[in-house]
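Naming convention: chains lettered A, B, ... in sequence-line order (proteins, then strands); numbering from 1 in each chain. Nothing here was measured: the structure is a model prediction, and the numbers come from that model.
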Amino acid sequence: MDVSEERLRKLDSLVAGGEEPFGVGQGLADRRLIAEILGAEDPDAEPQAGVCIAGRVTALRDHGNSMFFDLRDVSGRLQAYLQKKVVGPERFELLKNGLDLGDFLAVSGGLGRTRKGEPTVFASAAQLLTKSLAGMPKEHFGLADVETRYRQRYVDLAANPESFERFQIRSQALAEMRRFLEQRAFMEVETPVLHPIAGGAAAKPFITHHNTLDIDLYLRIAPELYLKRLLVGGFERVFEIGRNFRNEGLSPRHNPEFTMLEAYWAYARGYDWLPLVETLLSDLVREHGAFGRGDAELRETQLPWGDAGVVVDFAPPFARRSYAELLREHADADAFDEASLHAAARREQIDVEGRTIAQVTDDLFGACVEEHLVQPTFVTDFPLTMSPLSKAAPEDARVAERFELFAAGMELANGFSELNDPAEQLARFEAQVSSRDPELPSEVDHDYVNALRYGMPPAAGIGIGVDRLVMLLTATPTIRDVILFPLLRPTGRS
RNA sequence: GGGGGUGUAACUCAGUCGGUAGAGUAACGGCCUUUUAAGCCGUGAGCCGUGGGUUCGAGUCCCACCGCCCCCA
């Protein structure tokens, strides 16, 4: 008889004994109140306050005529103590023989402490809320198999407290980002995910089809072009937090669907974002980082990258380095000289044939420079050739007023002064189309150009990769560990 | 797409030179009314990822395939 057969047998005996293994819930004490009671009372006092708590049984310690069990809910673990002499022999035997790790249980009784000081509900009554029919890994060992952790995230969350906490931090970080922007008068908006033209970034899109209109549509690779249409309409500060989809490889830093924060700020210039980004990131690391909580001064996070790990210091200001300077330093190439870039690319065995200079430059930067950008660094003054949606810098037409933020060798953010000249934008779109690059749109987004004809105020835009930011906050080296249900190849097994 | 690694009980993992499949936990039975990885005694538990091959004999060696992980393109 295997584990689930045993549990079905117990289910029958519990039902026969009057339990409702899949019944309705009931009102329960807030465990924060319990914490207050425990904090206020005399630790030596007899249990007095009557409480009712519920949770999942994560440990069972059977002493024959009494038993301890740990009940875990979202607030943590609380011990309950069940005694035969209190609940009566029939009830006691029914629960003792029927309970398993993983079951949900409600317990009411006096709240107090054991001789060893452990906060405990001394149960006068206990009621099964839900029977768990599948064997749960014991908490002490957890669930280590990464494939099971991703395919059955519910088991991972239930068995691995650090995974549970990681996703709580992700949620807190998202809430903090919204609060940060709303405090600065940014308005959250929702723009389409289904795009007739996949624009706003260089990436291969997912293609889908709408039956009634009988048209192919793309899952968005970026919300950028829609958000900027809103600036034309008069909204001056907008942001969107949402999923982007890029039909590309999977890696520890890439998932085909990922979460991006994009914000647009009318009348600002690209580099106006820098102090805001410094404040947002250092606040996030201090308030929500896995290693920063509770310490107002600490803005560092210890990352398990490399052999020894690395400490990343998010205290502002972050370093600023120009793109050309970094490319010169680490790739010995001139960012504005095509022959020099091609020569450096060949040295690094980067494909040159049939590829645009923007792609070659980007690959060269990725191969030679990114790994060196461990401490938070704003890379500034991107070559205009690789910034098709950016306005040229007034001081130097070769570059855009564009930056990317790197930390721990990862790109975290990308922002710039937005191009708002419709004729210039049209020319750049036409150049993209004629390049026949599969990562660039195959047709010109004439409606976007038309929107610009109505007039878009000068503006600064930014995109922040939320998943990677959460990786930094939680010192997690794999994007799959900060995405609840990462993409895996489906299996036929049940 | 290429290379490397990995897959053994519900969970975490051993398995030597090719020679009867192992431990802890969980489960089951027994004892135990303050434990907290509870303890003690006992029992059952396996498509060794899948399919071929070599061999008297394969978890182990070879080939292919599948999943997952890492690196590279």
Side-chain angles (χ1 to χ4, degrees), chain A residues 1-11 13 43-44 46-47 57-72 76-89 92-93 95-103 109-110 112-123 132-153 155-156 158-161 248-255 304-307 345 348-353 355 359-360 363 366-367 371 409 477-481 486-494:
Chain A
M1 192 178 269
D2 71 15
V3 171
S4 47
E5 285 175 303
E6 284 290 351
R7 290 186 176 217
L8 284 169
R9 183 183 63 74
K10 291 179 180 181
L11 178 75
S13 74
D44 298 325
E46 287 296 305
V57 177
T58 56
L60 265 171
R61 295 178 289 280
D62 174 14
H63 289 259
N65 292 312
S66 71
M67 57 195 299
F68 293 92
F69 36 84
D70 292 345
L71 284 185
R72 204 179 73 203
R77 184 192 75 96
L78 186 59
Q79 177 172 265
Y81 186 47
L82 190 70
Q83 297 173 91
K84 186 190 267 184
K85 73 174 183 195
V86 175
V87 298
F92 185 82
E93 292 301 322
L95 291 168
K96 177 182 164 180
N97 293 328
L99 276 183
D100 283 303
L101 296 180
D103 291 350
R113 290 175 187 270
T114 61
R115 282 174 205 161
K116 298 198 175 170
E118 177 81 17
T120 300
V121 176
F122 293 86
S132 167
L133 296 172
M136 188 72 68
K138 193 172 179 183
E139 202 168 30
H140 177 68
F141 294 96
L143 178 67
D145 182 77
V146 290
E147 189 177 345
T148 308
R149 288 186 48 236
Y150 300 148
R151 289 194 192 280
Q152 294 176 265
R153 182 67 85 184
V155 181
D156 176 47
N160 294 332
E248 290 162 357
L250 296 89
S251 87
R253 295 176 192 195
H254 297 85
N255 195 62
W305 273 291
D307 293 332
E348 294 295 323
Q349 281 147 30
I350 290 165
D351 259 354
V352 171
E353 295 311 312
R355 306 185 67 229
Q359 287 173 318
V360 171
D363 282 0
E371 63 182 303
T478 305
I479 199 168
R480 296 181 197 94
D481 279 325
L487 182 66
L488 297 183
R489 186 182 293 281
T491 62
R493 75 182 187 181
S494 58

- Roughly how far apart, to the nearest Å, are rU25(B) and rG39(B) at atom P? 7 Å
- Item | Base-pairing assignment for rC68(B) (Watson-Crick or G-U wobble, both under 3.5 Å) | rG5(B)
- P atom, rG1(B) versus rC65(B): distance in rounded Å? 11 Å
- Distance, rounded to the nearest Å, where Asp70(A) contributes CG and rU35(B) contributes C1': 10 Å
- Message: Below 30° counts as parallel, above 60° as perpendicular, anything between as tilted: where do the rings of Phe122(A) and Tyr81(A) land?
- Response: perpendicular
- Query: How would you list, by chain and number, every residue that makes a side-chain hydrogen bond (donor to acceptor under 3.5 Å, both in side chains) with Asp62(A), sequence neighbours excluded?
  - Reply: none
- Taking the C1' atom of each, how far is rU6(B) from rC48(B), in whole Å? 14 Å
- Message: Tyr150(A): which residues meet the ring pair (Phe, Tyr, Trp, His ring centres under 6.0 Å) condition with it, sequence neighbours left out?
- Response: none
- Any strand, both distances under 3.5 Å, Watson-Crick or G-U wobble: rG22(B) pairs with rC13(B)
- Query: Roughly how many Å is it from CG in Asn97(A) to P in rG29(B), rounded to a whole number?
  - Reply: 7 Å
- Task: Write down the distance separating the C1' atoms in rG59(B) and rU34(B), rounded off to the nearest Å.
- Result: 46 Å
- Item | Any Arg151(A) side-chain nitrogen or oxygen under 4.0 Å from OP1 or OP2 of rC68(B) | yes
- Message: OP1 or OP2 of rC28(B) versus the side-chain N and O atoms of Lys10(A): is any pair under 4.0 Å?
- Response: yes
- Message: Between rG3(B) and rC62(B), how far apart are the two P atoms, rounded to whole Å?
- Response: 16 Å
- Could you tell me whether a side-chain N or O of Ser251(A) sits under 3.5 Å from a main-chain N or O of His254(A), the two making a donor and an acceptor? yes
- Item | Whole-Å C1' distance, rC56(B) and rG51(B) | 23 Å
Look for any protein N or O under 3.5 Å of an N or O in nucleotides 69-71 of chain B and output each such pair with its distance, or none.
{"unit_1": "rC69(B)", "atom_1": "OP1", "unit_2": "Arg480(A)", "atom_2": "NE", "d": "3.0"}
{"unit_1": "rC70(B)", "atom_1": "OP1", "unit_2": "Arg480(A)", "atom_2": "NH1", "d": "3.3"}
{"unit_1": "rC70(B)", "atom_1": "OP2", "unit_2": "Arg480(A)", "atom_2": "NH1", "d": "3.2"}
{"unit_1": "rC70(B)", "atom_1": "OP2", "unit_2": "Arg480(A)", "atom_2": "NH2", "d": "3.3"}

- Item | rA64(B) versus rC28(B) - spacing of their P atoms, nearest Å | 45 Å
- Message: If I pick the C1' atom on rG15(B) and the same atom on rU60(B), what distance separates them, to the nearest angstrom?
- Response: 9 Å
- Under 3.5 Å: donor-acceptor pair, side chain of Arg72(A), backbone of Ala158(A): yes
- What's the CZ-C1' distance between Arg489(A) and rC66(B), to the nearest Å? 9 Å
- Item | Counterpart residues, side-chain hydrogen bond (donor to acceptor under 3.5 Å, both in side chains), relative to Asn160(A) (two or more places apart) | Asp156(A)
- Task: Would you kindly give the CG-to-C1' distance between Leu60(A) and rU36(B), to the nearest whole Å?
- Result: 12 Å
- So, does Asp103(A) use its side chain to make a donor-acceptor pair with the main chain of Asp100(A) at under 3.5 Å? yes
- Protein-nucleotide distance (Glu147(A), atom CD; rC66(B), atom P), rounded to Å: 14 Å
- So does Arg61(A) reach the base of rU35(B) with its side chain, donor to acceptor, closer than 3.5 Å? yes
- Message: Strictly under 4.0 angstrom, non-hydrogen atoms only: write out the protein contact profile of nucleotides 2-14 of chain B, one letter per nucleotide from the 5' end, B, S or -.
- Response: ---------SSS-
- Query: Separation of Arg9(A) atom CZ from rA27(B) atom C1', in whole Å?
  - Reply: 10 Å
- Item | Residue whose nearest RNA chain B nucleotide is more 5′ - Val86(A) or Asp351(A) | Val86(A)
- What is the distance from CG of Asp481(A) to C1' of rC68(B), rounded to the nearest Å? 13 Å
- Message: Nearest 0.5 angstrom please: Leu60(A) CG to Asp70(A) CG, how far?
- Response: 8.5 Å
- Query: Does Asp363(A) have any side-chain hydrogen bond (donor to acceptor under 3.5 Å, both in side chains) partners at least two apart in sequence or in another chain, and if so, which?
  - Reply: Arg355(A)
- Query: So, does Lys85(A) use its side chain to make a donor-acceptor pair with the main chain of Asn65(A) at under 3.5 Å?
  - Reply: no
- Message: Between rU35(B) and Gln79(A), counting only base atoms on the nucleotide and side-chain atoms on the residue, is there a donor-acceptor pair under 3.5 Å?
- Response: yes
- Query: With no hydrogens and no angle check, is any side-chain donor or acceptor of Ser132(A) less than 3.5 Å from a backbone partner on Ala134(A)?
  - Reply: yes
- Message: What is the distance, to the nearest angstrom, from the CD atom on Glu5(A) to the P atom on rG44(B)?
- Response: 18 Å
- Selected nucleotide, minimal atom distance to Asp62(A) side chain, candidates rC32(B), rU34(B), rC28(B): rC32(B)
- Pairing partner of rG39(B), by Watson-Crick or G-U wobble and under 3.5 Å for both distances, is rC31(B)
- Classify the nucleic acid contact of Lys85(A) as base, sugar-phosphate or nothing, counting any heavy atom under 4.0 Å across all strands shown. base
